[in-house]
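Input: a single structure, listed below in structure tokens.
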4 protein chains.
Amino acid sequence: MTSAPPPGCAGRRVRGRTGRPRSPETDRAILDATRAALVELGWGKLTLGDVAARAGVAKTTLYRRWAGKNELVVDAVAALFDEHLELPDRGSLQADVEGVVLQFAALLERPEAKTALMAVVSESTRDDALRARIRSAIVDRQKTLVLLGRRRAQARGELPFEESPAAAARDADLIFDVIAGAVVHRALVSGERVDAEWTGAFVALLLFGLAGRTAT
Amino acid sequence: MTSAPPPGCAGRRVRGRTGRPRSPETDRAILDATRAALVELGWGKLTLGDVAARAGVAKTTLYRRWAGKNELVVDAVAALFDEHLELPDRGSLQADVEGVVLQFAALLERPEAKTALMAVVSESTRDDALRARIRSAIVDRQKTLVLLGRRRAQARGELPFEESPAAAARDADLIFDVIAGAVVHRALVSGERVDAEWTGAFVALLLFGLAGRTAT
Amino acid sequence: MTSAPPPGCAGRRVRGRTGRPRSPETDRAILDATRAALVELGWGKLTLGDVAARAGVAKTTLYRRWAGKNELVVDAVAALFDEHLELPDRGSLQADVEGVVLQFAALLERPEAKTALMAVVSESTRDDALRARIRSAIVDRQKTLVLLGRRRAQARGELPFEESPAAAARDADLIFDVIAGAVVHRALVSGERVDAEWTGAFVALLLFGLAGRTAT
Amino acid sequence: MTSAPPPGCAGRRVRGRTGRPRSPETDRAILDATRAALVELGWGKLTLGDVAARAGVAKTTLYRRWAGKNELVVDAVAALFDEHLELPDRGSLQADVEGVVLQFAALLERPEAKTALMAVVSESTRDDALRARIRSAIVDRQKTLVLLGRRRAQARGELPFEESPAAAARDADLIFDVIAGAVVHRALVSGERVDAEWTGAFVALLLFGLAGRTAT
DNA sequence: ACATAAACGAGACGGTACGTCTTGTCTTTAT
DNA sequence: ATAAAGACAAGACGTACCGTCTCGTTTATGT
């Protein structure tokens, strides 16, 4: 999960060849400014006029490329996920899961990710286009980690192969929601740190279950 | 989780006995109007002026009792949680968990809960007072369900007693984050329905773990 | 123009004899507070809540006695005119007029009089009741000075007796408007000081006219 | 006093050449709306939001050009003075003065002038910038009429030439305060009409003085 | 002495306007 | 054609006062 494909900013249509071309540096400057503003102001106080000023860019330019605050922030945050999530092989399913949990937790400690993630999710509950954008820019990218981890565990013999592709997909979705959900809830709703101790306890629960732990 | 203690709206200080007392009907009218406005407009478009108008109340009156949008919405949503979450004894740990998961999912399908919950969580990442308010008004109330469920399961012999109060508290927190997190993530981030099938699979995973399921 | 009749605050009706009587000190405290607030804040920023607070009195008490800002300020300012305008006999018409002009100018240098006078006049252009109140509380009191001065000048032989009472009244009104108008305009509109030099030139003009001055 | 120089609205600074220029029609629309609102509502009830709505303009646009109610109203009223005061040669000093007095009186019968003039004068007692604005926008323009009238009277031999420029200026100021003050006081404070009869008596007094009238 | 009734303080209340801010569009000049 | 600057209409923001109201308390009578 390293080389990001073009951020796919919504307003960008395939253009004719005439006219002054859009500066690609401008894209970067705006996204950087967005992240910086998120850190300082949070979602609620973030304004597009302020982002434009920070980026040294006219508001017009900003609106030419993104439809609004939501779209801009999704793109700005998506880049963070691309840069910071990966799944090196740590030799066992348990170690792999613990690794990705801690990585995800580190990401969620960044103020720009923390604030923005919940905010855009909140907005997406009333905006289908936004939900789709979040799914493709953020959720689906994370989900590949689950698929990769399972494939490795299956190769090691830690997990059985699935009976059908449909069951496999359902199961991956479930595991993804449990892992991502637990980490997000711990970090943002409960407001507690996701440290090694909690991670260990969580992965134990995930692998062996409430009942399984009892038996152990 | 039925009889709600007074909603504890923050602005209400212990006052002297002089002056006209605040009308308690006004409190209710404002909270009802807030929920109605959330359904229609969502968090982003919600306006305190609009809430005041719906409640047939002056903006001043509203600001006299709540410091802002966040505080108001937390109280308005907290009431929903109080009214709609309970844990009737269904005879087994598995049935109890499935019951509460479905109940929680039904709550999260209400548009006012959906939008508002994530929005205030997002804001709480930059506002400690708000986080405390959410914790006491929403999170802690839900957490009692976990404690109650565990006590029952222990009474039935499904779960062992904890070694220490500290360990018990840590474990309850973990279980709570896993259940609530998974349901919220499924419903709001992944945007999929939390139906009986998913619930069954999730509870199986929770009870027996990835490894345990394999063995079964 | 010394012993003021009761300030005649509008709201005071003849009451039954039971019930707690209104405190006369409260009247004074409110009028004093009004003048003090006028000095500090001016007409535009003056608020009745602030006056009440300064007087150590509840807003209700204030509204029980005066209908609003205008009425209150007229009464507060009228007292100033009562206290500060009089016409000692200085031996000649010229000296008498110069004396009253300087006295009036001194009054208009008080910030509370300055601001309040023009403000209530402005309001009175759209409020007949207020105009009547100003006339009886302020204008008529000043006008008696003109009548007194003319009587003295006639006794000295400086001015002839009028042919008819109607002509006498018209002439007194004219002289009053010229004197008061010139002083007010100089002091408040032109914003220049009314000093001995200007007063001398003005009274010379008033007595001898543009043409008469030329001849002299 | 016909062709008005640019109204000189305070907020207008010399700007760079980029950016959308301010619409000059907007200026006119706002000033017209201000006068209309003054007629209907008077100074006290006049609302900048209402003015903006009448002018079909956003409040922001209004505040971009004027600092507040006072400044706006001064400019709106100044235009009236520019349009309605002039001094055609009527052949004699007496006729000239009577003409300008009646003209000024007609102006002061307009409700927008009546209310607004005293109100801004009242505010100007606490605001030096406002006083300066009134002086340059209204007072100084009127004063030129006095200068013009005197020059004509001197040319006709009705008045002598002044000994020094300083004395000339002092004298013009005095005459201006007497004429304007008397008319304003008669019209607004005493609340009586300035008709031909009063005007005749006033101009006679002005030309010949209290003593001079007696001799005649 | 004891009721009656108004005055009084405190402060909630429904309104209205404030002056500022942000949004997304539009219009200009400059590159 | 794109960029920067900034005007613009729209409308929400949170605050301040308005004038009214509802309380509980106090202070004069009139019995």
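Please read all numbers here as calculations on a predicted model, not as lab measurements. Throughout, protein chains are lettered first and strands after them, A, B, ... in sequence-line order, and every chain is numbered starting at 1.
To the nearest angstrom, P of F:dA12 lies 12 Å from CZ of B:Arg54. Note: NZ (C:Lys69) to C1' (F:dC18) measures 10 Å, nearest angstrom. Between the C1' atom of F:dT20 and the CH2 atom of C:Trp66 lies a distance of 19 Å, rounded to the nearest Å. Atom CG in C:Leu62 sits about 13 Å away from atom C1' in F:dC18, given to the nearest Å. Here the P atom of nucleotide E:dT23 and the CD atom of A:Glu71 are 13 Å apart, to the nearest Å. Atom CD in A:Glu25 sits roughly 14 Å away from atom C1' in F:dA3 (whole-Å rounding).
Residues passing the side-chain contact (heavy atoms from CB on, under 4.5 Å) test with C:Ala37, sequence neighbours excluded: C:Leu41, C:Leu46, C:Asp50, C:Val51, C:Arg54.
The two residues B:Val74 and B:Ala137 make their nearest non-hydrogen contact at CG1-CB, 4.1 Å. Scanning all heavy atoms of the two residues, the minimum distance from D:Asn70 to D:Glu123 falls at OD1-CG, 3.4 Å. Taking every heavy atom of both residues into account, D:Ala58 and D:Ala52 meet most closely at C-CB, 4.1 Å. Heavy-atom minimum distance, B:Arg65 versus B:Asp27: NH1-OD1, 3.1 Å.
Taking side-chain N and O atoms only, D:Arg65 has a distance below 4.0 Å to OP1 or OP2 of F:dC8. In this model, the phosphate group of E:dA10 is not approached by any side-chain N or O of B:Arg20 to a distance below 4.0 Å at OP1 or OP2. When the side-chain nitrogen and oxygen atoms of D:Arg64 are compared with OP1 and OP2 of F:dC8, one or more of them lie within a distance under 4.0 Å.
Taking every heavy atom of residues 117-128 of chain D and every atom of DNA chain F, no pair lies under 4.0 Å. Contacts with DNA chain F (heavy atom under 4.0 Å) in residues 44-52 of chain C: C:Thr47, C:Leu48, C:Gly49, listed by number.
Side-chain atoms of C:Ser23 stay outside donor-acceptor range of the base of E:dA7, with no qualifying N/O pair under 3.5 Å. Residue C:Lys59 places a side-chain atom within donor-acceptor reach of the base of F:dG19, judged by atom type and a 3.5 Å distance cut-off alone.
As judged by a 4.0 angstrom heavy-atom cut-off over every strand, A:Gly56 is placed among residues touching the sugar-phosphate backbone only. Among the heavy atoms of the strands lying under 4.0 Å from C:Thr61 are primed sugar atoms or P, OP1, OP2 only; no base atom is included.
Remark: side-chain polar atoms of A:Arg35 are not paired, donor with acceptor, to backbone N or O of A:Ala113 under 3.5 angstrom. At distances below 3.5 Å, at least one donor-acceptor pair connects side-chain atoms of B:Ser122 with backbone N or O atoms of A:Thr115. A donor-acceptor pair is defined here as one N or O able to donate and one able to accept, closer than 3.5 Å; such a pair exists between the side chain of C:Ser23 and the backbone of C:Glu25. A side-chain donor-acceptor contact under 3.5 Å links A:Lys69 to the backbone of A:Trp43.
With E:dA7, F:dC8, E:dG9 as the choices, the nucleotide that has an atom nearest any side-chain atom of C:Arg22 turns out to be E:dA7. Candidate nucleotides F:dG11, E:dG9, F:dC23 were compared by shortest atom distance to the side chain of D:Thr60, and F:dG11 ranks first.
A heavy-atom distance below 4.5 Å is found between the side chains of C:Ile30 and C:Val57.
When each of B:Tyr63 and A:Ala58 is assigned the nucleotide of DNA chain F bearing its nearest heavy atom, the one mapping closer to the 5' terminus is A:Ala58.
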